[in-house]
Amino acid sequence: MTRTIKPLVAGNWKMNGLKADLAIAAAVAKGADAPLRQAVDLAICPPATLLFTLTASLIGSRIATGGQDCSAHASGAYTGEVSAQMLVDAGATYVIVGHSERRTLHGESNAQVKAKAEAALAEGLTPIVCVGETKDEREAGKALAVVKKQLRGSVPDGATAASLVVAYEPVWAIGTGLTPTPADVAEMHEAIRAELGPILGKATAAGVRLLYGGSVKPGNAAELMNVANVDGALVGGASLKAEDFLAIARACA
Ligand code: PGA
């Protein structure tokens, strides 16, 4: 497939990873040869505790790092929160916002996700804004409507094609081994790009990277990554194995 947008493959380590697991990032860096890095942008989003050290360990590898969430606030009395500026200070390029685990387990609303994405943009971080429907919503035929509403509510104002990534992650596909059909992914990604037009302007919307996420594995990556309007992957479980993460990245090249 000829790509006009350089794909991004980002690993979301979630709440996994201790110092010993810096070895995973080192193995990714070792395995990502020059042609792969030329063809695909790679990023690892470790837990906040590892971000600084992991970023430092990747200097010279051209593999970026990201946070998994950030506060909507710049600084102050928000115990336990991590600001966008802190992520930048630790070396991050990206931050995942609105992951379904945050939306579901922490009750984050579209408005909160948008505020976080705008806080990220204000610090020069690229937000990876996650959207996706639940199983019930898909079965009720509401997947497109749900995702469009999430986009209208959570995409930050003022983003450019280079400063925003959107990840479509059907909630029912995350960590389950289930994936939508390529036809369903194609329909959704086309709808997402169309919906971004009125929000960002058509030219910007045409260049925003749209990632697919949810049970991406080496065995299904080629099929999913060759769908039109799929510009890479947000990878959970498989990003904890360097070989699997690299195999997924190669499927995008
Ligand atoms: P998974 O997670 O690849 O383990 O399904 C994806 C994600 O939650 O970003």
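Both counts, for ligands and for their atoms, begin at 1 and track the order of listing.
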A.B. asks: Does Ala167 have a heavy atom less than 4.0 Å from any atom of ligand 1?
C.D. replies: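 False for this residue.
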A.B. asks: Can Thr55 and Thr65 be counted as having a side-chain donor-acceptor contact under 3.5 angstrom?
C.D. replies: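 Short answer, yes.
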A.B. asks: Determine yes or no for a side-chain-to-main-chain donor-acceptor pair under 3.5 angstrom, with Ser71 supplying the side chain and Ser83 the backbone.
C.D. replies: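 No: the side chain of Ser71 does not pair with the backbone of Ser83.
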A.B. asks: Which of the numbered atoms in ligand 1 are under 4.0 angstrom from any heavy atom belonging to Ala173?
C.D. replies: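 Checking each atom against Ala173, I get 5 (O).
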A.B. asks: Using non-hydrogen atoms of the residue, decide whether Ala238 is closer than 4.0 angstrom to ligand 1.
C.D. replies: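 It does not, in that no heavy atom of Ala238 comes within the 4.0 Å cut-off of ligand 1.
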A.B. asks: Checking the side chain of Asn226 only, and the main-chain atoms of Ala222 only, is there a donor and an acceptor separated by less than 3.5 Å?
C.D. replies: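 At least one qualifying donor-acceptor pair exists.
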A.B. asks: Using a strict 4.0 Å cut-off to heavy atoms of Gly237, name the atoms of ligand 1 that fall inside it.
C.D. replies: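 Answer, ordered by atom number: 1 (P), 3 (O), 4 (O).
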A.B. asks: Could you check whether Arg103 and Ser154, counting side-chain N and O atoms only, form a donor-acceptor pair closer than 3.5 Å?
C.D. replies: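 The answer is yes; a qualifying pair exists.
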A.B. asks: May I ask you to decide if Pro170's main-chain N or O and Tyr168's side chain share a donor-acceptor pair within less than 3.5 Å?
C.D. replies: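 Side chain of Tyr168 to backbone of Pro170, a donor-acceptor pair under 3.5 Å: no, none is there.
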A.B. asks: Asn12 heavy atoms, cut-off 4.0 Å: which ligand 1 atoms fall inside?
C.D. replies: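 Here the atoms of ligand 1 in question are 9 (O).
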A.B. asks: Relative to the heavy atoms of His99, which atoms of ligand 1 are at a distance of less than 4.0 Å?
C.D. replies: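 Under 4.0 Å from His99, ligand 1 has these atoms: 7 (C), 8 (O), 9 (O).
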A.B. asks: Just go through Cys130, Gly175, Gly236 and tell me whose heavy atom is the nearest to atom 5 (O) of ligand 1.
C.D. replies: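 Selected option, by shortest heavy-atom distance: Gly175.
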A.B. asks: Which ligand 1 atoms are under 4.0 Å away from a heavy-atom of Glu169?
C.D. replies: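 Contacts of ligand 1 toward Glu169, numbered from 1: 6 (C), 7 (C), 8 (O), 9 (O).
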A.B. asks: Could you tell me which atoms of ligand 1, counted from 1 in the order shown, lie closer than 4.0 angstrom to a heavy atom of Gly214?
C.D. replies: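 Numbered from 1, ligand 1 contributes 5 (O).
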A.B. asks: If you measure from each non-hydrogen atom of Ile174 to ligand 1, which part falls under 4.0 Å: side chain, backbone, both or neither?
C.D. replies: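 Contact part for Ile174 vs ligand 1: both backbone and side chain.
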A.B. asks: Do Asp69 and Lys116 pass the salt bridge (charged side-chain N to carboxylate O under 4.0 Å, His left out) test, and can you show the C-alpha distance, the side-chain angles, and the key distance before you say yes or no?
C.D. replies: CA-CA 8 Å; Asp69 181 38; Lys116 289 176 178 213; 2.9 Å; yes
A.B. asks: Under a 4.0 angstrom heavy-atom cut-off, which atoms of ligand 1 come close to Leu234?
C.D. replies: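 Every atom of ligand 1 under 4.0 Å from some heavy atom of Leu234: 9 (O).
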A.B. asks: Is atom NZ of Lys241 surrounded by more than 12 heavy atoms (other residues, nucleotides or ligands) closer than 6.0 Å?
C.D. replies: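 No.
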A.B. asks: According to side-chain contact (heavy atoms from CB on, under 4.5 Å), who are the partners of Lys14, at least two apart in sequence or on a separate chain?
C.D. replies: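 Applying side-chain contact (heavy atoms from CB on, under 4.5 Å) to Lys14 gives Asn12, Asn16, His99, Glu101, Ile174.
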A.B. asks: Just to check, does Lys14 reach to within less than 4.0 Å of ligand 1 when the distance is taken from its heavy atoms?
C.D. replies: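 So Lys14 counts as touching ligand 1.
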